[in-house]
2 protein chains.
Amino acid sequence: MTRRPKIKDIAERLGVSPATVSRALADTGLVAEPTLTRIREAASALDYRPNVSARNLRTRRSMAVLLVVRDIGNPFYLDVVKGVEAAARAAGYAVLMGNAENDPGRESEYFDMLRDGHADGMILMTGSLPSTPEFRRRLSPNLPVVVALEMIEDVDFPHVQIDNAAAARQAIAHLVGLGHARIAHVSGPVPEVMSIRRRDGYRAAMHEAGLPIPEGYEQRGDYLLQSGRDACRRLMALPVPPTAIFLANDEMAFGAIHELRRMGRDVPGDVSVVGFDDLYLSEAFSPPLTTVAQPRAEIGRRAMGMLLDMFGGGSAPKEPVILPTTLKVRGTTAAPKMT
Amino acid sequence: MTRRPKIKDIAERLGVSPATVSRALADTGLVAEPTLTRIREAASALDYRPNVSARNLRTRRSMAVLLVVRDIGNPFYLDVVKGVEAAARAAGYAVLMGNAENDPGRESEYFDMLRDGHADGMILMTGSLPSTPEFRRRLSPNLPVVVALEMIEDVDFPHVQIDNAAAARQAIAHLVGLGHARIAHVSGPVPEVMSIRRRDGYRAAMHEAGLPIPEGYEQRGDYLLQSGRDACRRLMALPVPPTAIFLANDEMAFGAIHELRRMGRDVPGDVSVVGFDDLYLSEAFSPPLTTVAQPRAEIGRRAMGMLLDMFGGGSAPKEPVILPTTLKVRGTTAAPKMT
DNA sequence: GTGAAAGCGCTAACAC
DNA sequence: GTGTTAGCGCTTTCAC
């Protein structure tokens, strides 16, 4: 037997119908005991495996989900992907990889893949959607799509996310608790939603603490290393430079620490630094980075879980699911120097 | 029209046969001009998209590849995945994500997925294969499988990789060039092939330089942070500690630097450190890590390219494809202190 | 509990 | 150049 066996082969060999074989192998409980075992044994003897294309065509399902991120090369997504993968595999789903690269054209392609039957559902971590009317028109509201990690406004897919503003407040509260009064912020690429939320959290916390935000204490970055460097340089060139900097992600925080070192400033001796995300090796940095950790693996698992619920006919939560963040206090924050 | 349109719908609407529609949409060049445009227009008017399951069943191809890594949570794979994804998408292939977690059971599942028609080919980055005779027996030699990044011995799939030994020699030559004579090595989890190769490169380079490898100068790690720390501590406790340490990956190098700092040793003032891999943020470390960079994205692209060749009926190279590495000299290496 | 028959939506032989 | 026909391999009514 060199050709790949199909259901018909087993059926003929055993003198039963293909339907019975299918039922036996699918564990429907509809096949009686003498036959059941014979079929299972024959299948395993022939090393039979069902053809997925045929099954998918017939059942109109693909048993796959599509996971679309902004940039597959960013370590930020590692744990989320891992969480999704684990939950998917546990439920028997395969995971297709999507890389949007901030290109609306690609985002729209992934929606097409969903329609084409490549996947039964999609987890979106792109933070945006194509804005062409043509795309929007097609956008049926009950598509099996879950938005994770990011937020997409004016579209009502279920969301799994963190409270970015609250997380930022945690970070600032920590610095205030240490005695800092001159706290600056380097934001992400405002006006993206996430960047705005984190910045607003910073503003709110400063306000609550009764601290001013002097001119120039809010710098705009783009989440990349170099922008952390640049923003830091501008900050330290101010007439009254900050004693602490809260950056909207870890990567910029690394850039800032670099720049501070280059200028001969000690971290945390002279300036405290707080990041956001808790990347894979942020703990390995020296000194270990103080940062806000999001439960990324859990976000992935939950997103996948919500998709599965939707597949099962359940309705997705109308309100966003908010997961708790944790402030990891490590080595880059300390009390400010006495003045 | 609420139901999803199929080829038949277009055919009926235009009074042509389904076959013609299929041919027109597939750009076979077999459909003449008046009809061709009419079909295209009707398809786009109906917003028609072919059903992939049906097409896959009929063509016996899935237009997908399976990318299997050791641990999807490891940043090490980011660029390779990116390279594979880019090459795959350029060729019209989707990428399925596989996570082996060093579990032979899972590895074998991914081979099953290949057989089931989930994917047309597979890129393996696991460094090992299930060793059960049952699995080995099934292992047809001309499966569409490419091994990338890692090496799998006693199996003849095509490989894309780097010359690990030569790369290690580059690293040691650099240290020797700086004037170091007491150079230690922290290996990966020997007896894995890659760990052995890197260690052998170290040994060869030391030998070439006429330098001894004193008792205890070779420590075994497991590629994780903590093992870098531990190995470093053992190294520095030796009667004559090294002035330079070459670690088999960046993550362990970070651990070692940490430990050195903790012991009050300056890097690179007191001890030089060289890593291997050039992770995403190794350049952002402080000081920036001196390390051996592998062309990971290129490895991914090449692996995908080789698969495509195999799909096209071409034969894969019998000899491994070896890509060049680059030593990135950065801030963690310097001349040894005068004694 | 099992079988017969239909059909998922597409493409590829083969006619003409 | 286009139509006709068959069939990819599976699951699922519907009978009995």
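Computed from a predicted structure; not experimentally measured.
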Roughly, in whole Å, what's the span from [atom1] in [X] to [atom2] in [N]?
{"X": "A:Arg60", "N": "D:dC10", "atom1": "CZ", "atom2": "P", "value": "18 Å"}
{"X": "A:Arg23", "N": "D:dT13", "atom1": "CZ", "atom2": "P", "value": "11 Å"}
{"X": "A:Arg55", "N": "D:dG9", "atom1": "CZ", "atom2": "C1'", "value": "11 Å"}
{"X": "A:Lys8", "N": "D:dC10", "atom1": "NZ", "atom2": "P", "value": "11 Å"}
{"X": "A:Met63", "N": "D:dC10", "atom1": "CE", "atom2": "P", "value": "16 Å"}
{"X": "B:Ile7", "N": "D:dA6", "atom1": "CD1", "atom2": "P", "value": "19 Å"}

Please determine if B:Arg89 and A:Glu109 form a salt bridge, counting it only when a charged side-chain N lies under 4.0 Å from a carboxylate O.
yes
N-O pairing of A:Arg55 and B:Asp116 below 4.0 Å:
no
Nearest-nucleotide wise, let me know which of B:Leu57 and B:Pro18 is further upstream toward the 5' end of DNA chain D.
B:Pro18
Pick from B:Asp71, B:Asn99, B:Asn74: which one makes a side chain to side chain donor-acceptor pair (under 3.5 Å) with A:Lys82?
B:Asp71
Name the one of A:Val68, A:Val80, A:Val147, A:Ile299 that satisfies side chain to side chain contact (heavy atoms under 4.5 Å, CB included) with A:Met125?
A:Val80
Select one nucleotide: of D:dG3, D:dA6, D:dG9, the one nearest the side-chain heavy atoms of B:Thr20.
D:dG3
Return the nearest nucleotide to the side chain of B:Arg58; candidates are D:dT12, D:dG3, D:dA6.
D:dA6
Would you classify B:Gly29 as touching base, sugar-phosphate or nothing, given that sugar-phosphate means primed atoms plus P, OP1 and OP2, and contacts are heavy atoms under 4.0 Å?
nothing
Contact class for A:Gly117 (heavy atom, under 4.0 Å): base, sugar-phosphate, or nothing?
nothing
Under 4.0 Å: is that the gap between some side-chain N or O of A:Tyr48 and OP1 or OP2 of D:dG9?
no
Could you tell me whether A:Tyr280 and B:Tyr280 have their ring centroids closer than 6.0 angstrom?
no
Are A:Phe76 and A:Tyr223 near enough that their ring centres are under 6.0 Å apart?
no
Around A:Arg70, counting heavy atoms of other residues, nucleotides and ligands shown, do more than 12 lie under 6.0 Å from its CZ?
yes
Answer yes or no: are there more than 12 heavy-atom neighbours, outside A:Glu319 itself, under 6.0 Å from its atom CD?
no
List in numerical order all residues of residues 31-38 of chain A for which some heavy atom is under 4.0 Å away from an atom belonging to DNA chain C.
A:Val31, A:Ala32, A:Thr35
Between B:Asp120 (side chain) and B:Val65 (backbone), is there a donor-acceptor pair under 3.5 Å?
no
Reading DNA chain C in the 5' to 3' direction, which nucleotide is the first one with an atom under 4.0 Å from a heavy atom of chain B, and which is the last?
C:dG9 to C:dA13
